[in-house]
Amino acid sequence: MIRHVVFTPSGRRGPVAAGTTVLAAARELGVDLDSVCGGRGICGHCQVVPAAGSFAKWAIESGADALGAPGAAEINARPARPVQPGARLGCLAVVEQDVVIDVPASSQVHRPVVRKAIALDDLVVDPLVTLAYVELPAAAMDGTSLVTAIRAALLDQHGIDFGAVDASALAGLHRSFAGESRGGTVVLRRTGDPLPVLITSRPGFTDRAYGAAVDIGSTTIAGHLVDLTTGAVLASAGRMNPQIRFGEDLMSRVSYVMMNPGGDIELTHAVRDALGELLAELGATAGTAPTELFDIVLVGNPIMHHLLLGIDPTPLGSAPFELATDEAVHTTAAALGLAFPHAAVYVGPCIAGHVGADTAAATLAEGPYRSEHPQLLVDIGTNAEIMLGSTAAVWAASSPTGPAFEGAQISCGQRATAGAIERVRIDRETLEPSVKIIGSDEWTDDRAPSHTGPTVTGPTVTGPTVTGPT
Ligand code: FES
């Protein structure tokens, strides 16, 4: 019996015999699925996530039974890389029905290259949180509460007052000021009220306060971790948006939501999980604790914006493309299910139905509205936005580009993964071009770079803007 299998995000698909393991199917179809132990259930590198739902694009109804129930070998497997919730071991799970299977980045041998450079020239560091170390006098039997003592000390030692104390901060206050010197650090947040709010405290002195900025793209999610006291970028990371398994481009995902009741919740969970993983990765790279992350700024196109916030994106699927809101959204990491207890979240404002907060952020950074001369700002991602403007006015337009640049339903072109051209350089003397592809350390001319001219690196906006057949 023949079954049809589609692997995402590669989009590779084809028929396999029922009963074939996912790993064998992946190999048959040329899918990049990792396997260190050779399919013995030991390494855990082959994890895949079967997608459930109706996939009109491939005419596949992928149900919970599409992969056979785990056998004893899979149930008893204790691989070195623990099996993630919802994942199956590709070397042991077998194809029973037509199925769409997602290969997470962690299971790909050649992970997509996700790079987004950051330039923070001329940035004025003005964080919303302030850290202040204060020492309190010994507690006395005069009825003075700890908050009153902190308020007096803060005014006396820093000239700072605060308004409310966040309820979540109260439980830790005594612990923070328990030492002999009764010295501790309070964290205050400006909120728009005249006085800041005391949001948490730490024993002793600390100046560790971090923020994160994340661009949630249709294909990639990229973020930077920033030291809020210095403005230094401590870590940068990116990953594929796992929503790809529900549809390559924005409209496919809106269609998925329209055709699958509860699909919007699945998409929201997928993007929030990936965001949480990305933030954890940034923290691990920089050596920061989740409790030290105080501010998260998120941007994305309108559909990513809506799905992240749990807003139904279907009104954006057809004219007049009405946004739920074009204002900035203030919330907390906890409200988005992210394990950063003190982090506030600012989601940038969308501009119009298909011009999102990512474009608003790019506009703010590049400033066409500040330019005396017309300035063109182009962001080519899976969706492209173009801004043209000056101090007189700014115009915006957007259009899907993923099908053109990332190989959706066309024969030439692919994502920024193994085989895609990553760099191009031109020899100054011979003018001969040479390219380097992802997955290989060699340049095509295989020469030392001493005579080479300028190197043109890959796009700062991720994804292969220059692609070719593999
Ligand atoms: Fe090693 Fe599946 S290939 S656990």
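Positions are given from 1, in the same order as the sequence printed here. Being a predicted model, the structure only gives us computed values, none of them experimental. Whatever order the structure lists ligands and atoms in, that order sets their numbers, starting from 1.
Close contacts between ligand 1 and Cys46 involve ligand atoms 2 (Fe), 3 (S), 4 (S) [criterion: under 4.0 Å to a heavy atom]. Atoms of ligand 1 found under 4.0 Å from any heavy atom of Gly41, numbered from 1 in the order shown, are 4 (S).
Counting only residues at least two apart or on different chains, the ring-ring contact (aromatic ring centres under 6.0 Å, His included) pairs with a member in residues 323-346 are His330-Tyr346.
The closest approach between any non-hydrogen atom of Gly44 and ligand 1 is below 4.0 Å.
Metal site remark for atom 1 (Fe) of ligand 1: Cys43 contributes an N, O or S atom at a distance under 2.8 Å. One of the N, O or S atoms belonging to Cys91 lies under 2.8 Å away from atom 2 (Fe) of ligand 1.
Scanning both residues, Ala209 and Val129, for their nearest heavy atoms gives CB-CG2, 4.4 Å. When every heavy atom of Tyr210 is checked against every heavy atom of Asp227, the shortest pair comes out as CD2-CA, 3.8 Å.
Looking at Ile42 against ligand 1, only its backbone comes within 4.0 Å, counting heavy atoms.
With sequence neighbours left out, the side-chain hydrogen bond (donor to acceptor under 3.5 Å, both in side chains) criterion links Asp264 to no other residue.
Checked for salt-bridge contact, Asp445 and Arg425 meet the test: a charged N lies under 4.0 Å from a carboxylate O.
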